[in-house]
Amino acid sequence: MKKFLGGLAVISMASLALAGCASNPGTEATGGDDLITVGFAQTGSESGWRSANTESMKAAFSEENGFNLVFNAADNKPEAQIAAVRSFINQGVDAIVIAPIVVDGWDDVLNEAKDAGIPVILEDRTVSASEDLYASWIGLDFEQEGRTAGEWVVENFGDEGANLVILEGTTGSSAALDRATGFADAIAGSNITILDSQTGNFTRADGKTVMEGFLQKYGSDIDLLFAHNDDMGLGALDAIKAAGLEPGVDIKIVTIDAVRDGMQALANGEFNFIVECNPILGEKVAEVVKAVLAGESVEKSIIVPDGAFTQEDAIELLPTRPY
Ligand code: AHR
């Protein structure tokens with residue numbers, strides 16, 4: 001196993017000879033001796049974004065690319081995700097990649113990985129633990145995503161004023177926390193009134209349920225919906241239609257992600273604006289894992305750029321949208 005100490009990969013001649021020899025009984029991985037064994041602790045499968053991210057990771061960490069991937073999806077349960085990481089440590093994998101469900105609670109297990117000499121690379125979301133406990137984070141600027149959504153709201157509704165409801169992502173996740181901060185910054189001092197803000201756990205089902213509650217409580221007073229991801233916005237569409245209202249017209253909708261179903265809703269005029277969150281991180285993460293194991297220095301934070309789309313953009317981009 002390649003040894004990782006104090007933020008730097010240290011590869012001894014002996015460990016080089018043993019590179020990729022970690023054994024993983026009872027997993028779906030089937031790598032040969034010359035492969036790098038990587039344990040990947042995914043959040044779960046809550047959204048279209050997550051499916052695209054998982055696909056990108058599996059494609060990048062293929063045997064063809066020199067990897068033996070041990071994949072775990074924790075169904076968005078933080079304790080299950082920590083248990084998966086602990087199991088990777090016990091298996092003696094070469095490196096661990098985590099898409100952390102929530103920011104807090106990582107110190108103990110990250111220290112265990114450090115003591116075992118196994119480098120940890122974060123992808124997608126961040127943690128509150130010390131930066132010394134992981135080699136690198138590859139992800140998105142969630143705060144800027146929220147700010148871009150808020151700026152669109154202020155630009156389009158700031159003058160006349162509007163009543164807004166918010167569907168938040170998973171409570172305690174960096175994606176939800178940072179998007180909320182960026183959005184709040186952007187609408188501060190404007191005529192936008194927040195009627196309510198609740199978590200929809202990044203899922204369609206919860207987005208629908210929470211939006212039904214908002215509609216029961218505030219009815220046609222709601223002018224605007226900000227959903228922290230497309231899936232919750234898509235769930236809310238059903239609730240809005242069932243209430244006899246027209247999404248995109250009676251209630252304007254801004255979301256984050258820009259996955260295919262979200263872009264289709266934008267092209268249809270049911271969503272009004274989408275801020276992109278790029279899920280295609282696999283290749284970059286794989287490159288960083290190899291660099292860390294080779295003892296090369298890597299950036300502590302690597303941010304992948306995002307765009308933002310109007311209805312016209314969605315119509316143009318949909319035919320070639322890969323996810
Ligand atoms: O962390 C990224 C977020 O997680 C995506 O915006 C959301 O769709 C996913 O579940």
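Order of appearance sets the numbers: ligands from 1, and atoms from 1 within every ligand.
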Would you kindly say whether Gln81 and Thr43 are connected by a side-chain donor-acceptor distance under 3.5 Å?
no
Pocket residues around ligand 1 (non-hydrogen, under 4.0 Å) come out as Glu46, Ser47, Trp49, Arg50, Asp124, Arg125, Phe142, Ala175, Arg179, Phe202, Asn229, Asp257
Measure from NZ or CZ of Arg86 to the centre of the six-membered ring of Phe88, then state whether that distance is under 6.0 Å and the direction lies within 45° of the axis. no
- Query: Between Lys58 and Phe71, is NZ or CZ placed under 6.0 angstrom from the six-membered ring centre and within 45° of the ring axis?
  - Reply: yes
Those residues at least two apart in sequence (or on a different chain) that pass salt bridge (charged side-chain N to carboxylate O under 4.0 Å, His left out) with Lys290 are none
Residue pairs meeting side-chain hydrogen bond (donor to acceptor under 3.5 Å, both in side chains), one or both in residues 228-239, sequence neighbours left out, come to Arg204-Asp231, Asp230-Thr255
Residue pairs passing the salt bridge (Lys or Arg N to Asp or Glu O under 4.0 Å) test with at least one member in residues 138-154, sequence neighbours excluded, are Glu143-Arg147, Glu145-Arg179, Arg147-Asp185
